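The next block holds one structure in the form of structure tokens; read it before the comments.
Please read these numbers as outputs of a predicted model, since none were measured by experiment. In the text below, chain A, chain B and the rest are named by the order of the sequence lines, each starting its count at 1.
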Protein chains: 2
Amino acid sequence: MRADARRNYEHLLGVAGTVVAEQGAEASLRDIARQAGVGLGTLYRHFPTREALLDALLRTGFDRLTARAAELEASASAREALLAWFRECVAFATEYRGVTEMMVAAIEDPDSALHASCVAMRAAGTRLLTRAQTEGVARTDMDGTDLFALVSALSWLSDQPALNARADRLFTLIADAALTDAERRPHL
Amino acid sequence: MRADARRNYEHLLGVAGTVVAEQGAEASLRDIARQAGVGLGTLYRHFPTREALLDALLRTGFDRLTARAAELEASASAREALLAWFRECVAFATEYRGVTEMMVAAIEDPDSALHASCVAMRAAGTRLLTRAQTEGVARTDMDGTDLFALVSALSWLSDQPALNARADRLFTLIADAALTDAERRPHL
DNA sequence: ACCTGAACACCGTTCAAGT
DNA sequence: ACCTGAACACCGTTCAAGT
């Protein structure tokens with residue numbers, strides 16, 4: 001990559017970070033190019049789709065969360081690990097408004113630039129869930145995709161100004177429901 | 001209202017129903033006017049905002065749900081009433097894609113045409129919840145807005161093609177969590 | 001190799017001109 | 001009274017022309 005191209009790439013990414021943080025995942029690409037002082041075609045050259053741009057913006061975070069799952073698997077109890085990871089996922093998805101919806105769409109669309117990261121994250125969560133299930137602290141009638149769905153629903157909820165204040169309480173309610181196994185943990 | 005105006009109004013509403021069912025709440029208003037064979041200004045004359053159009057489209061359903069809550073209050077046990085109403089709300093919100101998000105936005109915005117219907121629906125749900133709480137079959141650490149948030153989250157989830165298959169199971173999981181009170185119904 | 005911006009086909013919204 | 005559609009300011013996306 002030529003030096004000027006690299007410079008444009010980095011700068012676009014920086015500006016995109018600010019703009020998307022302000023306006024959400026549906027922010028105007030034209031606006032991003034404009035604020036970066038770059039032609040619209042240059043943005044499209046570096047990021048052929050909106051997903052490609054968001055992928056570049058979010059991949060680090062996704063990878064961090066995937067790594068974090070492995071870390072928690074080693075350092076915390078099955079219950080605490082799942083709970084902490086769940087919470088961190090919601091917190092991350094809430095950083096950029098509208099990202100949850102794109103994540104959910106991407107996980108079923110192999111052509112999306114976000115597909116791989118989403119699938120990796122779901123797999124990481126599935127490992128934590130499976131461990132918790134084996135140890136009898138999580139419901140056995142759900143799988144990784146159910147967990148992904150719950151994380152998504154709570155992230156979406158946190159993104160809605162009218163519901164945001166309830167997100168914490170409802171997180172607890174739902175996490176409790178998932179972590180209490182179907183037999184209501186009779187062995188406790 | 002003049003006869004031709006009334007005709008346009010009805011026809012627009014009919015076409016809007018079809019188009020919104022197909023394309024969701026963000027459907028192109030221009031497209032609706034076009035398919036109705038009417039000038040764009042005519043659509044704006046009858047429905048000054050998108051919310052006004054959606055309100056006209058959904059009000060019947062909202063009112064039906066509000067009435068349904070009263071009906072269930074008289075005919076079913078507190079537990080069954082809340083459960084059935086919860087389920088019917090989710091089913092309704094899923095009829096038109098994207099309606100949930102607008103509902104949630106409208107409940108906090110007194111200027112939205114949808115505001116009144118949403119507030120009435122939440123109040124109806126609150127009555128069912130309160131009764132269930134009084135009878136000891138629902139958690140006492142939540143209120144009508146929490147219920148509204150849970151209904152919304154599940155509606156949103158049902159609207160996502162990637163998660164739709166999980167909606168039923170997760171409905172049960174969440175409803176169970178809300179209906180089992182904080183002390184895990186020790187009196188059962 | 002890379003960048004630019006005009007061009008195209010769409011939006012939502014407003015409003016002067018018509019009947 | 002009511003309707004129409006052009007006009008305006010925006011999109012996303014593509015691509016010929018420039019350096």
Side-chain angles (χ1 to χ4, degrees), chain A residues 1-57 96-99 101-102 105-106 109 111-114, chain B residues 1-57 96-99 101-102 105-106 109 111-114:
Chain A
M1 182 136 65
R2 233 163 61 178
D4 56 343
R6 158 127 281 141
R7 229 180 7 250
N8 279 335
Y9 179 92
E10 308 290 5
H11 191 213
L12 271 167
L13 212 50
V15 171
T18 321
V19 175
V20 172
E22 276 166 10
Q23 312 188 12
E26 319 263 276
S28 157
L29 299 179
R30 222 185 207 93
D31 208 38
I32 294 173
R34 211 150 32 202
Q35 286 199 37
V38 129
L40 189 46
T42 303
L43 185 149
Y44 272 92
R45 156 172 280 265
H46 289 299
F47 308 103
T49 66
R50 174 176 239 110
E51 272 98 12
L53 177 59
L54 288 171
D55 179 51
L57 216 52
Y96 298 112
R97 200 161 16 105
V99 147
E101 197 128 4
M102 297 217 132
D109 173 14
D111 293 337
S112 164
L114 288 163
Chain B
M1 180 137 65
R2 233 164 60 178
D4 56 342
R6 156 129 282 140
R7 225 176 15 245
N8 279 335
Y9 179 91
E10 307 292 5
H11 191 214
L12 271 167
L13 212 50
V15 171
T18 322
V19 175
V20 171
E22 274 166 11
Q23 313 188 11
E26 319 263 275
S28 158
L29 298 180
R30 223 187 205 87
D31 209 36
I32 293 173
R34 210 150 33 203
Q35 287 199 38
V38 131
L40 190 45
T42 303
L43 186 148
Y44 272 92
R45 156 172 279 265
H46 288 299
F47 309 104
T49 66
R50 173 176 241 107
E51 272 97 12
L53 178 58
L54 288 170
D55 179 51
L57 217 51
Y96 297 112
R97 202 163 11 108
V99 148
E101 198 127 6
M102 298 216 132
D109 173 15
D111 294 336
S112 164
L114 289 163

Under 4.0 angstrom between H46(A) side-chain N/O and dC2(C) OP1 or OP2: no

Could you walk me through whether L53(A) and V20(A) satisfy the side-chain contact (heavy atoms from CB on, under 4.5 Å) test, starting with their C-alpha distance in whole Å, then the side-chain angles of each, then the deciding distance to 0.1 Å, before giving a yes or no? CA-CA 10 Å; L53(A) 177 59; V20(A) 172; 5.6 Å; no

Any idea which of dC3(D), dA1(C), dC3(C) is nearest the D4(A) side chain? dC3(C)

Just call it for A33(B): base, sugar-phosphate, or nothing, with non-hydrogen atoms closer than 4.0 Å on any strand. nothing

Can you find a pair of side-chain heavy atoms, one from H11(B) and one from V38(B), that are under 4.5 Å apart? no

Could you check which of dG12(D), dG12(C), dC3(C) has an atom nearest any side-chain atom of R50(A)? dG12(D)

Nearest listed nucleotide, side chain of R45(A), among dG12(C), dC2(C), dT4(C): dC2(C)

For the pair made of CG in D31(A) and P in dC11(D), what is the distance, rounded to whole Å? 6 Å

Do the side chain of R97(A) and the main chain of E26(A) share a donor and acceptor less than 3.5 angstrom apart? no

Nucleotide nearest Y44(B) when distance is taken to its side chain, options dG12(C), dT4(D), dC2(C): dG12(C)

Which part of the nucleic acid, if any, lies within contact of R34(A), taking any heavy atom under 4.0 Å across all strands shown: a base, the sugar-phosphate backbone alone, or nothing? sugar-phosphate

Working to the nearest 0.5 angstrom, can you tell me the gap between L57(B) CG and L114(B) CG? 10.0 Å

Would D31(B) and Q23(B) satisfy side-chain contact (heavy atoms from CB on, under 4.5 Å), going step by step from the backbone distance to the final call? CA-CA 11 Å; D31(B) 209 36; Q23(B) 313 188 11; 3.4 Å; yes

Among dT4(C), dC3(D), dC2(C), which is the nearest nucleotide to the side chain of N8(B)? dC3(D)

In whole angstroms, how far is the C1' atom of dT14(D) from the CG atom of L43(A)? 14 Å

Distance, rounded to the nearest Å, where L29(B) contributes CG and dC10(D) contributes P: 19 Å

Looking across every strand, which nucleic acid part, if any, lies under 4.0 Å from L40(A) by heavy atom: base, sugar-phosphate, or nothing? base

With hydrogens left out and only the distance checked, is there a donor-acceptor pair under 3.5 Å joining R30(B)'s side chain and the base of dG12(C)? yes

Is the closest side-chain heavy-atom distance between T18(A) and Q35(A) below 4.5 Å? no

Nearest-Å distance once atom P is located in both dA9(C) and dA6(D): 16 Å

Quick one: pull up CZ in R45(B) and CG in L12(B) and give me the separation to the nearest 0.5 Å. 12.5 Å

Does R2(A) make a side-chain N or O approach to OP1 or OP2 of dC2(C) shorter than 4.0 Å? no

Between R7(A) and D4(A), does the salt bridge (Lys or Arg N to Asp or Glu O under 4.0 Å) criterion hold? Intermediate values first, please. CA-CA 5 Å; R7(A) 229 180 7 250; D4(A) 56 343; 5.7 Å; no

Expressed as a whole number of angstroms, how long is the span from R7(B):CZ to dC2(D):C1'? 12 Å

Nucleotide pairing, DNA chain D (Watson-Crick or G-U, distances under 3.5 Å), in dot-bracket with [ ] and |: ||.|||||...|||||.||

Would you mind reading off the distance between E26(B) atom CD and dC11(D) atom P, rounded to a whole angstrom? 16 Å

Taking only side-chain N and O atoms of S28(A), does any of them lie within less than 4.0 angstrom of OP1 or OP2 on dG12(D)? yes

What is the separation between atom CZ on F47(B) and atom C1' on dT14(C), rounded to the nearest whole Å? 18 Å

Between R6(A) and dA1(C), is there a contact of a side-chain N or O with OP1 or OP2 at under 4.0 Å? no

